[in-house]
Asks: 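For reference, the structure I am asking about is given below.
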Amino acid sequence: MTTPQQDAVAPGPLPGAAAATHCPYCALQCAQTLTATPGERLPVAVAGREFPTNRGGLCQKGWTSAEVLRASDRITTPLIRTADGGFREAGWDDALDLVAGRVRDLQAESGDDAVAVFGGGGLTNEKAYALGKFARLALGTRLIDYNGRFCMSSAAAASNRALGMDRGLAFPLADLGGADAVLVLGSNMGVTMPPFVQHLAGVRERGGLVVLDPRETVTAKLARDGAGVHLAAVPGSDMVVLLALLHIVLAEGLQDDAYLADRVEGLDDVRRSVAQWWPERAEAATGVPADTLREVARLLAAASPSRGGRGAYILTGRGVEQMAQGTDCVNAAINLALALGLIGREGSGYGPVTGQGNGQGGREHGQKSDQLPGYRMITDPAARAHVASVWGVDPAVIPGPGVPAVQLLSSLGTADGPRALLVHGSNVVVSAPNATAVEERLRALDLLVVCDLVPSETAMLADVVLPVTQWAEEDGTMTNLEGRIIRRRAAVAAPGEARSELWILRELAARLGCGALFSDDAETMFDEMARASAGGKADYSGITYARLDAGEELFWPCPASAPGESAHPGTPRPFLESFPTPSGRARMIAVAHRGPADDVRPGMATYLVTGRVLQHYQSGAQTRRVKELAQAQPEAFVEMHPLLAERYGLTEGAVAFLATARGEAMARVRLTTDIRTDTVFMPFHWAGAGSANRLTNDVTDPTSSMPEFKVTAVEIRAAHRLRPASELEGAAR
Ligand SMILES: Nc1nc2c(c(=O)[nH]1)N[C@H]1C(S)=C(S)[C@@H](COP(=O)(O)OP(=O)(O)OC[C@H]3O[C@@H](n4cnc5c(=O)[nH]c(N)nc54)[C@H](O)[C@@H]3O)O[C@H]1N2
Ligand SMILES: Nc1nc2c(c(=O)[nH]1)N[C@H]1C(S)=C(S)[C@@H](COP(=O)(O)OP(=O)(O)OC[C@H]3O[C@@H](n4cnc5c(=O)[nH]c(N)nc54)[C@H](O)[C@@H]3O)O[C@H]1N2
Ligand code: SF4
Ligand SMILES: [Mo]
């Protein structure tokens, strides 16, 4: 076994050199150039780099990303919990021996599923692949899932059902520029991906941007100011909006009959399912005027190439997906797109706007409880046989499917549940729904191991914390929202004893008896992953670091070519010829409106919706540590309309007390007229008293297991005493 001292994980500072890489945060993966100071690890200068997605631009998080490299509380050595509840610094051998020993003991007592793994959509493809393989082979557990379940699972399930494949956007982002109409459903990309907005300039000019959101967000304002439309429907009523739009399209004969006959199945059932949603009835359920619904349906139809338009796109975001009916809602959006003949046609399309940096690749290579690499199903005997052959094992040793994230978290430390959890790239005590219950489950474990860069709130609960490298300190690949595979490149050495996750997984595997199945070299793991993905839906087998480093623009599927043939060019626009379904046609799926699980009722008379602000990323573990970002958004807040605030006796800056069936929270009031008068909005970036997820509902979608983050019934009161800001910040520092 190698000792850490012999193992340099990242190249040292590259004197005078600059690394061409991409932002650590969201799925837009804006291109950055990082320049290290010769001879020093820090500081690192960040500049935007020309790339088809960001065109040189970065948002405030991207510009300030290098601050996290020098976070004052960066973890630089393994930490082991002490008897008095604190941590002691430990050497790697100490920490890894402890973890492997405890894992073996717990599995000997309670079986292989005594140990579970929780991954993240921010991990590189190589790490996500290694983690799935590690769970199945080194731990032999079926229990692995990841935070992408909170993020992309509804859109993924809907795309798989309807289109036979989940490729995020099935077109390069720049294609949006030529469209006559873009319908944005529950995405606030003006805030969550600012450089994305450039691609909406053309459609805004043509008055074709339509945004569905209960708040008049930055994105909704782009629509309104561009003579487009903002639909501020009742939270959770989006499905009705979509059913009504399709009702109007079919009632007015605006559909693309030739395309439907040629490329789509299931229209008859869907036609029946939308019959009852005539516009006036939809108006009563959604608050969107019937005439506005007609206007939007006609605007979309006019943009369809079948009616001579330049093209139209429908995009979904978490606002319509993070619902207990999120999958059906996305299918309703896809049904509309299919009726208008938009999918699989150049210049038009449907796509979910992927969230995390590697939200796309993270869901393709085996972190999901039911998947093997290449987007293969773990229950499929042929898939198991192929992956087992690449791994050099008997297919019988690969465990069966596990359980999705919410179910996994709620089973931790219960009588039949796992006794240990390994967390890689998620801060679940802040970001999971019904977070107070999640924290209780984590505390009930015999062993919690967290790999992180910083002492996140979840890491602070761990028995063992293992320090990992971060983006600027490592090599690998990410797959962005377009299904484009890009290179992450190291610019600086890691601090102290921080190690790449690939190294940690290999070292743990070695202690569990199978170190030879793992490598800490990113390219080696990529090549193996590419082979494991060969023949799968997400086929990466034709992609190599050499091709990426030569600047080729590669989108999956990109299968390996036969010897002597030229290399496969990749697939920027799948579906142009046919859909990867048994019939080659797309499927319209009849769906019905059920509404949110939580009813707004007397005593809980207001909708709580949750989401994001520009300056903070997710649980805030990284961005709360960047001074400029923390100063701009220092504490938890709740946004509400002055009329609603008046009803509760609240004023700007007051502290509101919020309660739902799950728990309580407090947040400072921000008044705005940009929100419905029956709705309040809370971002989920803070821990402690201001944590939105103490309030959210952990009910899940029956198909995707996505939790209903977006709509909860809430009770609001003025807090009796003004709480100090520090309590609302709740940062574990
Ligand atoms: N600044 C920042 N950017 C990010 C992230 C971040 O944490 N911070 N995270 C990244 C990730 S992982 C993701 S998934 C994406 C998410 O990106 P988005 O989907 O754009 O983000 P959200 O703010 O979660 O939700 C979008 C909108 O949904 C609205 N909404 C709430 N309830 C409803 C409803 O019932 N119906 C409708 N139609 N809309 C509703 C909210 O008002 C909000 O404006 O952002 C990525 N980019
Ligand atoms: N109420 C509400 N809750 C939500 C949402 C919402 O809209 N509303 N959105 C949901 C969505 S879409 C998402 S994606 C989740 C995200 O929420 P989380 O899963 O908590 O995501 P992050 O905050 O990005 O946490 C990532 C953690 O991993 C660390 N990290 C970064 N890179 C690496 C790495 O390479 N290896 C390791 N081991 N660690 C790393 C970071 O420091 C951080 O502590 O939140 C969900 N929660
Ligand atoms: S939009 Fe996303 S990828 Fe681009 S700079 Fe901002 S956080 Fe980074
Ligand atoms: Mo996400």
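Indexing begins at 1, ligand by ligand and atom by atom, following the structure's order.
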Asks: Please table the atom pairs, donor to acceptor, closer than 3.5 Å between any side-chain atom in residues 44-53 and protein atoms at least two apart or in another chain.
Replies:
from	atom 1	to	atom 2	distance (Å)
Arg49	NE	Gln32	O	3.2
Arg49	NH2	Thr21	O	2.9

Asks: Do Glu553 and Arg484 sit within salt-bridge range, that is, some charged N less than 4.0 Å from a carboxylate O?
Replies: yes
Asks: Do you know which of Arg487, Glu126, Arg488 makes side chain to side chain donor-acceptor pair (under 3.5 Å) with Thr477?
Replies: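 By the side chain to side chain donor-acceptor pair (under 3.5 Å) criterion, Thr477 pairs with just one of Arg487, Glu126, Arg488: Glu126.
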Asks: Using a strict 4.0 Å threshold on nitrogen-to-oxygen distance, state whether Glu440 and Arg443 make a salt bridge.
Replies: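 No, no charged N to carboxylate O under 4.0 Å.
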Asks: Could you walk me through whether Glu507 and Arg499 satisfy the salt bridge (charged side-chain N to carboxylate O under 4.0 Å, His left out) test, starting with their C-alpha distance in whole Å, then the side-chain angles of each, then the deciding distance to 0.1 Å, before giving a yes or no?
Replies: CA-CA 11 Å; Glu507 290 295 310; Arg499 292 284 178 269; over 6 Å; no
Asks: Which protein N, O or S atoms lie under 2.8 Å from atom 4 (Fe) of ligand 3, given by chain and residue number?
Replies: Cys30 SG
Asks: Please determine if Asp598 and Arg662 form a salt bridge, counting it only when a charged side-chain N lies under 4.0 Å from a carboxylate O.
Replies: yes
Asks: Name the orientation class of the two ring planes belonging to Tyr25 and Tyr617 (parallel below 30°, tilted from 30 to 60°, perpendicular beyond 60°).
Replies: tilted
Asks: Only pairs at least two apart or in different chains count here, so list each salt bridge (charged side-chain N to carboxylate O under 4.0 Å, His left out) that has a residue in residues 355-364.
Replies: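 Output for this query lists Asp166-Arg363.
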Asks: Measuring from each atom of ligand 2, which residues have a heavy atom under 4.0 Å away?
Replies: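 These residues qualify: Leu123, Lys127, Asn147, Phe150, Cys151, Gln322, Gln356, His424, Gly425, Ser426, Asn427, Ser431, Cys451, Asp452, Leu453, Val454, Ser456, Val468, Glu501, Thr610, Arg612, Tyr617, Gln618, Ser619, Ala621, Gln622, Phe684, Asn693, Thr696, Phe709, Lys710.
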Asks: Strictly by modelled atom types, are Thr316 and Glu321 linked by a side-chain donor-acceptor pair under 3.5 Å?
Replies: yes
